[in-house]
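Encoded as structure tokens, the structure appears first; notes follow it.
Indexing begins at 1, ligand by ligand and atom by atom, following the structure's order. Quantities reported herein were computed from a predicted structural model and do not represent experimental measurements.
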Amino acid sequence: MGQSITARAHTNIALIKYWGKQNPELIIPYNSSLSMTLDHFYTDTTVRFSTDLTADQISFNGAIADTKTSTQMSQFLDLIRKQAHLPLFAAVETINHVPNAAGLASSASGYAALAAAGSRAAGLELNDRDLSRLARRGSGSATRSIYGGFVEWQRGTNDLDSYAVPVQETVDWDIQMIAIVLNDRQKAIASRAGMANTVATSPYYPAWVETAQAAIPAMKAAIVKKDINLVGQLAEQSAMQMHATTLSAVPPFTYFEPETLQAIKVVQTLRQQGVSCYYTMDAGPNVKVICTSQETPQILAALAPYFSPEQLLVAKPGPGVSYR
Ligand SMILES: Nc1ncnc2c1ncn2[C@@H]1O[C@H](COP(=O)(O)OP(=O)(O)OP(=O)(O)O)[C@@H](O)[C@H]1O
Ligand SMILES: C[C@@](O)(CCOP(=O)(O)OP(=O)(O)O)CC(=O)O
């Protein structure tokens, strides 16, 4: 009977987005990305390898995982089994402490937690870099969730040199995000399919890679300066440039919904009034507002006529992977 290991990983939101893979099998991106790990939203995953099992046993939020999810997780466990030379099945229990369909990447915290708990349960003692490389194989955004604070995923060119590094692990200045949960409809195009389609068909894609790469040093400088306005401006630009590549794909598609524009308008109006707030968006309609805690009450008040309190979730910078 193997040891039972529980790991916690927090989700993250990219300020400079990852969008497109140069190697889909190994999940090597075309561009580097930079994110903020969030405090309130995380996944707890427990893994135990056992001679008693005849198949992986995967429980997801207290129920048996659906076939698609459990197949993906078993394939990920295969990577760990191979690395550890351990031909045993595993019992996995994972719980996402991320509100349903909040547009806060659960694949990021999910695969970072599975990489951490799974590798340890298999007897591997991976350093953070190798843990980041392993998490990357589950989902690109998981590469960054190994670390807390601000994190850069250096794109690299192969399995060995594509991993995340901490940019600022302890964030001692005032920055946070308000996630606006617009609707809980299943998104029509998953990020994986959306980015593949964009790489294959958007004539703007080469420009995306070039501008995203150039934005990384600019964002790092803004973080060092603790400049909320510069961080916000660069994040907003990156998000809208990413979404421009979906509009220019063939056939075109978008993650925007009417409520998305409503939320963006509120942010723009507040900014005209002198409030420091900026928006970002991932592969779904929900908007995340980058702001200071000081101005958050004013921003929540401006959003209140359009969205209920349950739709507005506030998060601060959070920690890296830990073991329970
Ligand atoms: N706790 C978990 N453990 C392992 N895998 C998970 C976990 N939570 C979610 N996932 C995987 O992540 C997938 C959901 O990821 P998906 O990319 O669709 O959305 P997201 O990660 O929430 O948002 P984004 O598109 O921005 O990454 C699920 O299908 C599941 O396979
Ligand atoms: C828009 C994004 O959130 C895309 C995240 O994509 P995923 O990490 O979910 O994609 P896969 O690597 O295919 O699993 C931007 C980002 O998080 O950087």
Q: Check whether any side-chain heavy atom of Trp153 lies under 4.5 Å from a side-chain heavy atom of Val151, and answer yes or no.
A: no
Q.
Among Tyr111, Phe76, Tyr255, which one puts a heavy atom closest to atom 11 (C) of ligand 1?
A. Tyr111
Q) Does a side chain donor of either Ser145 or Ser109 reach within less than 3.5 Å of an acceptor in the other side chain? A) no
Q) Would you say the side chain of Tyr278 lies within less than 4.5 Å of the side chain of Leu234, judging by non-hydrogen atoms? A) no
**Q.** Under 3.5 Å: donor-acceptor pair, side chain of Thr11, backbone of Ala108
**A.** no
**Q.** Any donor-acceptor pair under 3.5 Å from Glu93 side chain to Gly62 backbone
**A.** no
Q. Considering distance alone, does some N or O of Trp19 sit under 3.5 Å from an N or O of ligand 2?
A. no
(Q) Suppose I only count heavy atoms of Ser191 and a 4.0 Å limit; which atoms of ligand 1 are within that range? (A) 17 (O), 24 (P), 25 (O), 27 (O)
**Q.** Proximity winner for atom 8 (O) of ligand 2, if only heavy atoms of Ser141, Ala283, Ser107 are counted
**A.** Ser141
Q) Which atoms from ligand 1 have a heavy atom of Thr43 less than 4.0 Å away? A) 1 (N)
Q | Audit row: Thr43, Asn96, side chain to side chain donor-acceptor pair (under 3.5 Å) steps and yes/no | A | CA-CA 4 Å; Thr43 298; Asn96 287 337; 2.8 Å; yes
Q) Do any nitrogen or oxygen atoms of Ser141 come within less than 3.5 Å of a nitrogen or oxygen of ligand 1? A) no
Q.
I want to know if ligand 1 touches Ser106 in the polar sense, i.e. an N/O pair below 3.5 angstrom.
A. yes
(Q) Taking side chain to side chain donor-acceptor pair (under 3.5 Å) as the criterion, tell me which of Glu152, Arg144, Lys17 meets it with Ser33. (A) Arg144
Q: Do me a favour and list the nearest non-hydrogen protein atom to atom 3 (O) of ligand 2 with residue, atom name and distance?
A: Asp282 OD1, 3.4 Å
Q) Which distance, rounded to the nearest 0.5 Å, do you find between the CE of Met240 and the CG of Leu247? A) 10.0 Å
(Q) Against Cys291, only a single residue in Val275, Leu300, Asp174, Thr296 fulfils side-chain contact (heavy atoms from CB on, under 4.5 Å); can you say which? (A) Thr296
Q. Is there side-chain contact between Gln241 and Trp19, with heavy atoms separated by less than 4.5 Å?
A. no
Q) How many angstroms lie between atom CG of Leu86 and atom CZ of Arg81, to the nearest 0.5 angstrom? A) 8.0 Å
Q: Find all atoms of ligand 2 within a distance of less than 4.0 Å from any non-hydrogen atom belonging to Gly140, and give their numbers and elements.
A: 8 (O), 11 (P), 12 (O), 14 (O)
Q.
With a 4.0 Å cut-off on heavy atoms, is Phe60 in contact with ligand 1?
A. yes
Q) Hey, is Arg192 touching ligand 1 through its side chain, its backbone, both or neither, going by heavy atoms under 4.0 Å? A) neither
Q: Please say whether Thr94 places an N or O atom under 3.5 Å from an N or O atom belonging to ligand 1.
A: yes
(Q) So for ligand 2, is Ser191 a polar contact partner (N or O within less than 3.5 Å, distance only)? (A) yes
Q | Ligand-side contact atoms (ligand 2) for residue partner Ala14, heavy atom cut-off under 4.0 Å | A | 16 (C), 17 (O), 18 (O)
Q. Can you tell me if Met195 has a non-hydrogen atom under 4.0 Å from ligand 2?
A. yes
Q: Could you pull out, from Gln72, Arg144, Lys21, the option with a heavy atom nearest to atom 17 (O) of ligand 2?
A: Arg144
Q. Considering only heavy atoms, does Ser139 approach ligand 2 within less than 4.0 Å through its side chain, its backbone, both, or neither?
A. both
Q.
Show the atoms of ligand 2 that are less than 4.0 angstrom away from any heavy atom in Met242.
A. 1 (C)
(Q) Looking at ligand 1, is there an atom of it that comes within less than 4.0 Å of some heavy atom belonging to Asn96? (A) yes
Q. Using a heavy-atom cut-off of under 4.0 Å, does the side chain or the backbone of Ala190 touch ligand 1, or both, or neither?
A. neither
(Q) Just to be sure I read this right, does ligand 2 sit under 4.0 Å from the backbone of Arg137, its side chain, both, or neither, counting only heavy atoms? (A) neither
Q | Identity and separation of the nearest protein heavy atom to atom 4 (C) of ligand 2 | A | Tyr18 O, 3.7 Å
Q: Please assess Phe256 against Met281 for the test side-chain contact (heavy atoms from CB on, under 4.5 Å), listing each intermediate value before the final yes or no.
A: CA-CA 9 Å; Phe256 278 68; Met281 259 180 88; 3.7 Å; yes
Q) Would you say the side-chain atoms of Arg8 and Thr6 include a donor-acceptor pair closer than 3.5 Å? A) no
